[in-house]
Enquirer: 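My questions will all concern the structure given below.
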Amino acid sequence: MSKVPVMEIFGPTIQGEGMVIGQKTMFVRTAGCDYSCSWCDSAFTWDGTGKEMTKQMEAEEIWNELTSLGGEGFSFVTISGGNPALLKNLSFLIDLLKSNNIKIGLETQGSKWQDWFLQIDELTLSPKPPSSGMVTDFEALDMIINNLSEGQTTQNTSLKVVVFDDEDYNYAKKVHHRYPHIPFFLQVGNENNKTSDNLKLVSLLLQKYEWLINKTMLDHECKDVKVLPQLHTYIWGNKRGV
Ligand SMILES: C[S@@+](CC[C@H](N)C(=O)[O-])C[C@H]1O[C@@H](n2cnc3c(N)ncnc32)[C@H](O)[C@@H]1O
Ligand SMILES: Nc1nc2[nH]cc(C(=O)O)c2c(=O)[nH]1
Ligand code: SF4
Ligand SMILES: [Mg+2]
């Protein structure tokens with residue numbers, strides 16, 4: 001069987017995070033995760049609440065839905081989850097997207113390897129800081145980054161650590177210094193990922209962004225880093241499917 005569990009397909013929208021922030025893209029969100037981060041903004045992919053939304057889909061079905069939503073108006077597809085790296089069968093979708101000249105971005109926490117990582121144009125590895133409640137398997141992350149180096153695809157890779165507090169920031173630094181040759185992004189953590197009060201949310205996120213910028217600017221041990229917000233939350237708040 002070459003199907004994968006899909007939770008939602010949406011777009012076109014902008015990539016709100018990381019190395020290609022602002023990029024016009026379609027999204028495919030897969031179901032299931034090997035983590036359970038305390039603050040996960042996509043917990044419906046793994047906590048059972050999105051069960052009815054999950055559909056087992058062939059690559060062709062996913063492609064048909066992408067084109068029925070985006071027509072001929074897109075050239076980039078971002079795959080996220082959940083953890084898409086749990087799905088060996090994503091290779092069929094990746095091959096199909098490639099054969100249609102579509103660039104591919106993928107978001108994963110860096111806990112599992114798949115050979116198809118080598119075909120991703122913009123691969124974001126997002127290891128999780130202490131506030132998530134998860135413990136990073138650095139052996140697994142080392143292996144992934146080694147494999148990407150051997151495949152000469154580290155230029156398509158970035159690291160992105162979400163920061164909620166000082167302890168997270170120190171963890172982020174540790175990750176950056178362990179892999180100094182990989183482009184490194186700090187991302188503001190969203191503590192209020194359930195609220196529908198967008199004005200309040202944006203005001204809090206801006207304060208948090210300023211805090212993270214100030215902290216990084218004063219830190220002589222963090223030089224070649226980029227500090228980013230989750231841009232989509234400034235526009236659509238916690239809305240799903242945007
Ligand atoms: C929902 S995850 C899915 C992909 C993969 N499981 C991962 O965590 O990288 C996509 C991105 O959203 C980030 N994220 C999740 N919840 C967040 C929150 N409350 N605030 C900021 N970023 C968050 C994750 O760290 C990750 O970089
Ligand atoms: N616009 C937008 N940008 C995103 N970047 C990463 C996302 C994700 O949930 O993985 C995401 C998302 O859900 N929406
Ligand atoms: S690894 Fe990603 S999808 Fe999984 S629980 Fe953490 S933030 Fe959510
Ligand atoms: Mg998201």
Side-chain angles (χ1 to χ4, degrees), residues 5-47 50 70 74 76-87 90 104-112 114 117 120 122-134 136-137 140-141 144 157-165 168-169 171-172 175 184-195 201-202 204-205 208-209 211-212 226-242:
V6 176
M7 198 97 233
E8 51 181 7
I9 297 175
F10 60 91
T13 183
I14 51 146
Q15 166 58 282
E17 305 179 16
M19 67 201 292
V20 287
I21 193 165
Q23 171 71 50
K24 182 179 182 182
T25 183
M26 302 296 292
F27 271 86
V28 176
R29 191 183 301 285
T30 61
C33 194
D34 46 328
Y35 278 15
S36 52
C37 300
S38 60
W39 37 251
C40 179
D41 63 10
S42 306
F44 59 94
T45 61
W46 53 266
D47 69 1
F74 68 95
F76 202 106
V77 171
T78 305
I79 304 170
S80 187
N83 186 5
L86 297 174
L87 305 169
L90 269 180
I104 307 170
L106 188 118
E107 308 262 339
T108 182
Q109 62 264 43
S111 58
K112 307 264 185 235
Q114 291 291 345
F117 278 12
I120 303 297
E122 308 288 350
L123 178 67
T124 299
L125 302 173
S126 182
K128 296 297 173 267
S131 65
S132 67
M134 300 297 111
T136 304
D137 178 351
L141 193 55
I144 289 169
T157 305
S158 76
L159 284 159
K160 176 178 79 185
V161 179
V162 176
V163 174
F164 285 78
D165 55 28
D168 288 356
Y169 182 84
Y171 166 89
V175 172
F184 189 76
F185 293 78
L186 292 167
Q187 175 167 301
V188 179
N190 175 10
E191 281 154 24
N192 301 280
N193 61 37
K194 300 276 186 298
T195 185
L201 176 66
V202 171
L204 289 167
L205 287 171
K208 220 49 212 285
Y209 189 23
W211 166 79
L212 189 55
K226 297 185 178 74
V227 188
L228 286 181
Q230 274 184 306
L231 193 53
H232 51 107
T233 57
Y234 288 58
I235 301 159
W236 299 294
N238 290 317
K239 196 171 159 201
R240 203 184 274 184
V242 287

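Each ligand, and each atom within it, is numbered from 1 in the order the structure gives.
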Enquirer: So which heavy atom on Pro127 is nearest to which on Leu125, and how close?
Expert: CD-O, 3.3 Å
Enquirer: Using a 4.0 Å cut-off to any heavy atom of Gly189, which atoms of ligand 1 qualify?
Expert: 20 (N), 21 (C)
Enquirer: Please confirm whether Trp236 comes under 4.0 Å of ligand 2, counting heavy atoms of the residue only.
Expert: no
Enquirer: Tell me the protein heavy atom at minimum distance from atom 4 (C) of ligand 1, and give that distance in Å.
Expert: Gly82 O, 3.3 Å
Enquirer: Which heavy atom of the protein is the closest neighbour of atom 5 (N) of ligand 2, given with residue, atom name and distance?
Expert: Gln15 OE1, 2.4 Å
Enquirer: Ignoring angles and geometry beyond distance, decide whether Arg29 reaches within less than 3.5 Å of ligand 2 through its nitrogen or oxygen atoms.
Expert: yes
Enquirer: Who's the nearest protein heavy-atom neighbour of atom 14 (N) of ligand 2, and how far?
Expert: Val242 O, 2.8 Å
Enquirer: Find out whether Ile235 and Val242 are in side-chain contact, i.e. whether some heavy atom of one side chain is under 4.5 Å from a heavy atom of the other.
Expert: no
Enquirer: How far does CG of Leu231 sit from CG of Leu205, to the nearest 0.5 angstrom?
Expert: 11.0 Å
Enquirer: Considering only the protein, which heavy-atom contact is closest to atom 20 (N) of ligand 1, and what is its distance?
Expert: Asn190 N, 2.9 Å
Enquirer: Does Lys160, backbone or side chain, put an N or O under 3.5 Å from an N or O of ligand 2?
Expert: no
Enquirer: For Tyr171 and Pro130, which heavy atoms make the closest approach, and how far apart are they?
Expert: CB-CD, 3.6 Å
Enquirer: Please step through side chain to side chain contact (heavy atoms under 4.5 Å, CB included) for the pair Gln230 and Asp41, ending with a clear verdict.
Expert: CA-CA 11 Å; Gln230 274 184 306; Asp41 63 10; 3.2 Å; yes
Enquirer: Rounded to the nearest 0.5 Å, what separation is found between the CD atom of Glu122 and the CD atom of Glu107?
Expert: 11.0 Å
Enquirer: Quick one: nearest non-hydrogen protein atom to atom 7 (C) of ligand 1, plus distance?
Expert: Lys128 NZ, 3.5 Å
Enquirer: Among protein heavy atoms, which sits nearest to atom 12 (O) of ligand 1, and what does the distance come to when rounded to 0.1 Å?
Expert: Glu17 OE1, 3.7 Å
Enquirer: Which of the atoms of ligand 1 are close to Ser42, meaning less than 4.0 Å from one of its heavy atoms?
Expert: 1 (C)
Enquirer: Whether the Ser36 and Trp46 side chains hold a donor-acceptor pair (N or O, under 3.5 Å, no angle test) is what I'd like checked.
Expert: no
Enquirer: Side chain of Asn238, backbone of Thr195: donor and acceptor closer than 3.5 Å?
Expert: yes
Enquirer: Determine the interplanar angle of the Phe27 and Phe10 rings, folded into 0 to 90°, and report it as parallel if under 30°, tilted if 30 to 60°, perpendicular if over 60°.
Expert: parallel
Enquirer: Before giving the answer on side chain to side chain contact (heavy atoms under 4.5 Å, CB included), spell out for Ser132 and Tyr35 the whole-Å C-alpha distance, their side-chain angles and the decisive distance to 0.1 Å.
Expert: CA-CA 9 Å; Ser132 67; Tyr35 278 15; over 6 Å; no
Enquirer: Tell me the protein heavy atom at minimum distance from atom 3 (N) of ligand 2, and give that distance in Å.
Expert: Gly16 N, 2.9 Å
Enquirer: Between Gln230 and ligand 2, which residue portion shows a heavy-atom distance shorter than 4.0 Å: side chain, backbone, both, or neither?
Expert: neither
Enquirer: Short list, please: which atoms of ligand 1 are under 4.0 Å from a heavy atom of Gly81?
Expert: 1 (C), 3 (C)
Enquirer: Identify the heavy atoms of Asp168 and Ser131 that sit nearest to each other, and give their distance.
Expert: OD2-OG, 2.6 Å
Enquirer: Identify, for atom 14 (N) of ligand 1, the protein heavy atom at the shortest distance, and state residue, atom and that distance.
Expert: Asp41 OD2, 3.8 Å
Enquirer: I need the nearest protein heavy-atom contact for atom 10 (C) of ligand 1: residue, atom name and distance, please.
Expert: Ser80 OG, 3.9 Å
Enquirer: What is the distance from atom OG1 of Thr157 to atom CD1 of Ile120, rounded to the nearest 0.5 Å?
Expert: 10.0 Å
Enquirer: Do any nitrogen or oxygen atoms of Ser126 lie less than 3.5 angstrom from nitrogen or oxygen atoms of ligand 1?
Expert: yes
Enquirer: Closest non-hydrogen protein atom to atom 22 (N) of ligand 1, residue and atom name please, with distance?
Expert: Gln187 NE2, 3.1 Å
Enquirer: Of all the heavy-atom pairs spanning Thr78 and Gln15, show the shortest one and how long it is.
Expert: CG2-NE2, 3.7 Å
Enquirer: Numbering the atoms of ligand 1 from 1, which are under 4.0 Å from a heavy atom of Gln230?
Expert: 20 (N), 21 (C), 22 (N), 23 (C)
Enquirer: If you compare all heavy atoms of Val175 against all heavy atoms of Phe184, which two are closest, and at what distance to 0.1 Å?
Expert: CG1-CE1, 4.0 Å
Enquirer: Can you name the atoms of ligand 1, numbered from 1 with element, that are less than 4.0 Å from a heavy atom of Val162?
Expert: 21 (C), 22 (N), 25 (O)
Enquirer: According to the salt bridge (charged side-chain N to carboxylate O under 4.0 Å, His left out) rule, which pairs have a member within residues 19-36, sequence neighbours left out?
Expert: Glu8-Arg29
Enquirer: Can you list the atoms of ligand 1 that are under 4.0 Å from a heavy atom of Val188?
Expert: 21 (C)
Enquirer: Any heavy atom of Thr124 closer to ligand 1 than 4.0 angstrom?
Expert: no
Enquirer: Which residue from Ile235, Thr13, Ile14 reaches closest to atom 1 (N) of ligand 2 through any of its heavy atoms?
Expert: Ile14
Enquirer: Among all protein non-hydrogen atoms, which one is nearest to atom 8 (C) of ligand 2, and what is the separation to 0.1 Å?
Expert: Ser80 OG, 3.6 Å
Enquirer: What protein heavy atom is closest to atom 9 (O) of ligand 1, reported as residue, atom name and distance in Å?
Expert: Thr108 C, 3.3 Å
Enquirer: Identify, by atom number and element, the atoms of ligand 1 in contact range of Lys160, meaning under 4.0 Å from any of its heavy atoms.
Expert: 27 (O)
Enquirer: Backbone or side chain, does any N or O of Gln109 fall under 3.5 Å from an N or O of ligand 1?
Expert: yes
Enquirer: Check each atom of ligand 1 against the heavy atoms of Asn193 and keep those under 4.0 Å away; list them by number with element.
Expert: 19 (N)
Enquirer: Over all heavy atoms of both residues, which pair between Thr45 and Met7 is shortest? Give the atoms and the distance, please.
Expert: CA-SD, 3.5 Å
